[in-house]
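One structure below.
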Number of protein chains: 2
Amino acid sequence: MHQLHHILIVDDARDIREPLAQYLKKNGFRATMAANAKEARQHLKETKFELVILDIMMPGEDGLQLCQWVSNNDGPPVILLTAVADDVSKVVGLEIGAEDYLTKPFNPRELLARIKIILRRFPKQDDTITPIQRKFAGMLHDPLHHKITRDNGTELELTTGESRLLSVLLDNPFKILDRSKLLDLVAGREPKAYDRAIDNTVSRLRKKIERDPKSPELIVTKWGGGYMLACDVETLL
Amino acid sequence: MHQLHHILIVDDARDIREPLAQYLKKNGFRATMAANAKEARQHLKETKFELVILDIMMPGEDGLQLCQWVSNNDGPPVILLTAVADDVSKVVGLEIGAEDYLTKPFNPRELLARIKIILRRFPKQDDTITPIQRKFAGMLHDPLHHKITRDNGTELELTTGESRLLSVLLDNPFKILDRSKLLDLVAGREPKAYDRAIDNTVSRLRKKIERDPKSPELIVTKWGGGYMLACDVETLL
DNA sequence: TTAACATTGATACAATTTGCGACAATTAAT
DNA sequence: ATTAATTGTCGCAAATTGTATCAATGTTAA
C-alpha cells in the first residue's frame, strides 16, 4: 500500500470545508481541515502536507498572508479559493506564491484535475530515508537497515515499524509525543476509534531496547499524554 | 545491438539549444536540433524520435501549437521549456499533451532525470535503453548489456527485467518505492489484484547482487511500503 | 482512604504482507 | 516447430502489524 497524498483544507466555512474533505477522501487523498489561519499553521508545523487548499477570504489573519508564509517557508504548493471572481486577487494570489486558484462555487472535478496537475509538478518527496545514524544510550541506530548495534558490538534487528518509531523518537528527545502524532509520523495515518496500534509498537520496541522492559527508562510513558524518549541523542556524520 | 534514444531539441535560442544537445550526447543520447517549429515539423516527419524537448516561447508558430500537433498525431512525448515561471502556461502545457515541463534556467541533471523517467513510461520502442553506467556497492552496472562487473573483475549476467529493476532502484537511492510504482517503471503496466511479480524480480535480483540474500543489505524491504536501495550511487560519464 | 473511572501494559490471536519454491505462461533463440 | 530462457502466477510458511481482552496502574471525587 502506498502513502496517500495529504491535503490541508483551510476554510472558515464548514459547509465548504467538510464536504470538500469528504470528496477528497473519496478520491484517494488524505485530508485534514483547519477553520482558520492559526489552526492551519499548527497543522503545517506538526504534519507534512503535499498540498494546501486555502480560502483567501477569512476573518482574522488574511489567507494571502498565510499563503505567503507557506511559500516563503518552502512549504507545500497552495491552491487558492476566492469567493468572488476578483481578478486583482487572482493576480496577487499567483504572485504571492500560490500555484493555482479557483473561484467559488467551483466544480469539484475541476479542483481534482488541478490538484493532480500540481501534485505531478511537485513530485512527492517520497519517503526518502535520511541515512543518518544516531547514538543513544549506548546504542547506534541504523535506519537504513532498521537495526541497532550496541556498544559491545552485538546487533539487534528491528522491524520496519519499530525502526520508524525509533527514528521519530530520536527526532524528538525529551518531547512528549501523543499517540495521534506518533501514528501519523510512524504509519502516516490517522487514528481510528480506540486505536492502540502505537501502544503495541512501543511495547515491542521496549522489549528490544530497554534494559528492563518492565520499568522502561528510555521510552517513558506520560500518563494521559503519550510517550517520550528520555535520553540524549548524538547524531553522527 | 542497441539503439540510442533520439531526442529532438526545439529552441530558437542557440545558447540553449547547442549546449543542451552537447550535454545529452555526452550522456548517451542522440540529439537533433531545430531552431523553430517549422524545422521541428520537418525533422519529425523525416525521422523517428523518442522524445521532444520544446521551448514554448518561440517566434512564429507558437510552441504550444506544435506540442498539441505532436501529441494529436501520436508523436513522441514532449517536455516543455518555459522561459518564465508562468504558472498558467504550465497548466495549459500539461493539458495540451506535454509529459513534463521545466522552467529556464534549469538544472541539466534534473532534465536528464526527467528524460529518463519519461522514456521509461514510454517503453514502446524495441531495444532502446538509457545508456548510463553507474557504480554502487563495489559493482558497476551496464544497462546496455544488462550485466554487472564487480570490483574484483568478475562479471554477472542479469536478465533484462532484473537490469531494469536495478536501473530504477539506482535512479532512486534511499527512496521507498512501492510495488505499483516499481511495476510501472520496470514493466510499464498497472498492477493487477494480488500482483506479486515485482516481489519475484526483487527476490531474483537479490540472489545475484546481495552478499547474503537471506538478510539483504542493498535492497531493503520497507514493510507495507515497498523496497528501497540502501547504498550510494555514483554516475559515470 | 476508598470507590469509580480512565488509561496503559501484556498477552493472545487475527489480518495483512512478504519470501520463495514450484510450476505455468510467455517470449526469445535455434 | 522445438527448445531454452525469462517472466508471471500460485500457494504456503514466516514475519509483521493490528485488534480484542483483561489485568494493572494512575487519577479523580467522595
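Just so you know, these numbers use all the heavy atoms, side chains as well, and skip hydrogens, waters and symmetry mates. Keep in mind that what you see is a predicted model, and the values were worked out from it rather than measured.
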- Donor-acceptor contact present, side-chain A/Ser163 to main-chain A/Thr159, <3.5 Å: no
- Give a yes/no on whether any side-chain N or O of B/Arg204 is located under 4.0 angstrom from OP1 or OP2 of C/dG19. no
- Length of the CZ-P vector between B/Arg196 and C/dT16, whole Å: 14 Å
- If only atom types and distance count, is the side chain of A/Glu210 paired as donor or acceptor with the main-chain N or O of A/Ile219 below 3.5 Å? yes
- Item | A/Lys147/A/Glu155 ion pair, N-O < 4.0 Å | yes
- Angle class for the B/Phe29/B/His5 ring planes (parallel below 30°, perpendicular above 60°, tilted otherwise)? tilted
- NA contact type, A/Arg206, heavy-atom cut-off 4.0 Å: base, sugar-phosphate, or nothing? sugar-phosphate
- Message: Whether the side chain of A/Arg164 engages the backbone of A/Val186 through a donor-acceptor N/O pair (distance < 3.5 Å, no angle test) should be reported.
- Response: yes
- Note on the structure: Assign each of A/Trp223 and A/Leu158 the nucleotide of DNA chain D bearing its closest heavy atom; nearer the 5' end lies the nucleotide of A/Leu158
- How would you give the extent of chain A contacts on DNA chain D, as first and last nucleotide 5' to 3' within a 4.0 Å heavy-atom cut-off? D/dT16 to D/dT27
- Task: State, to 0.1 Å, how close B/His6 and B/Thr32 come at their nearest heavy-atom pair, and which atoms those are.
- Result: NE2-OG1, 2.6 Å
- For B/Leu8 and B/Ala34 the tightest heavy-atom approach is CD1-CB, 4.3 Å
- Message: Please report the distance, rounded to the nearest Å, between CG in A/Asp199 and P in C/dG9.
- Response: 6 Å
- Ordered by number, residues from residues 170-177 of chain A within less than 4.0 Å of DNA chain C (heavy atoms) are none
- Query: Do you know the tightest heavy-atom contact between A/Leu156 and A/Lys208?
  - Reply: CD2-O, 3.2 Å
- In whole Å, what is the span from the CG atom of A/Leu182 to the P atom of C/dT8? 12 Å
- Task: Check the distance between C/dT18's P and A/His146's NE2 and give it to me in whole angstrom.
- Result: 12 Å
- Message: Taking A/Lys181's backbone N and O only, do any of them form a donor-acceptor pair with A/Asp178's side chain (distance below 3.5 Å, no angle check)?
- Response: yes
- C/dT17 phosphate, OP1 or OP2: any side-chain N/O from B/Tyr227 under 4.0 angstrom? no
- Grab the two heavy atoms, one from B/Leu51 and one from B/Pro76, that are nearest each other, plus how far apart they are. N-CB, 3.8 Å
- Query: Atom OH of A/Tyr194 to atom P of C/dT8: distance rounded to whole Å?
  - Reply: 14 Å
- Note on the structure: Atom CG of B/Asn200 and atom C1' of C/dA24 are separated, to the nearest Å, by 13 Å
- Taking only side-chain nitrogens and oxygens of B/Ser203, does any of them come within less than 4.0 Å of OP1 or OP2 of C/dG19? no
- Message: Does either side chain, that of A/Arg196 or that of A/Ser203, offer a donor lying less than 3.5 Å from an acceptor on the other one?
- Response: no
- Message: Give the residues of residues 212-219 of chain A touching DNA chain D, defined as any heavy atom closer than 4.0 Å, sorted by residue number.
- Response: none
- Query: To the nearest Å, how far apart are B/Leu183 CG and C/dT18 P?
  - Reply: 14 Å
- Query: Which whole-number value in Å describes the distance from B/Arg189 CZ to C/dT27 P?
  - Reply: 12 Å
- What residue among A/Thr149, A/Asp151, A/Val233, A/Thr235 forms side chain to side chain contact (heavy atoms under 4.5 Å, CB included) with A/Lys135? A/Asp151
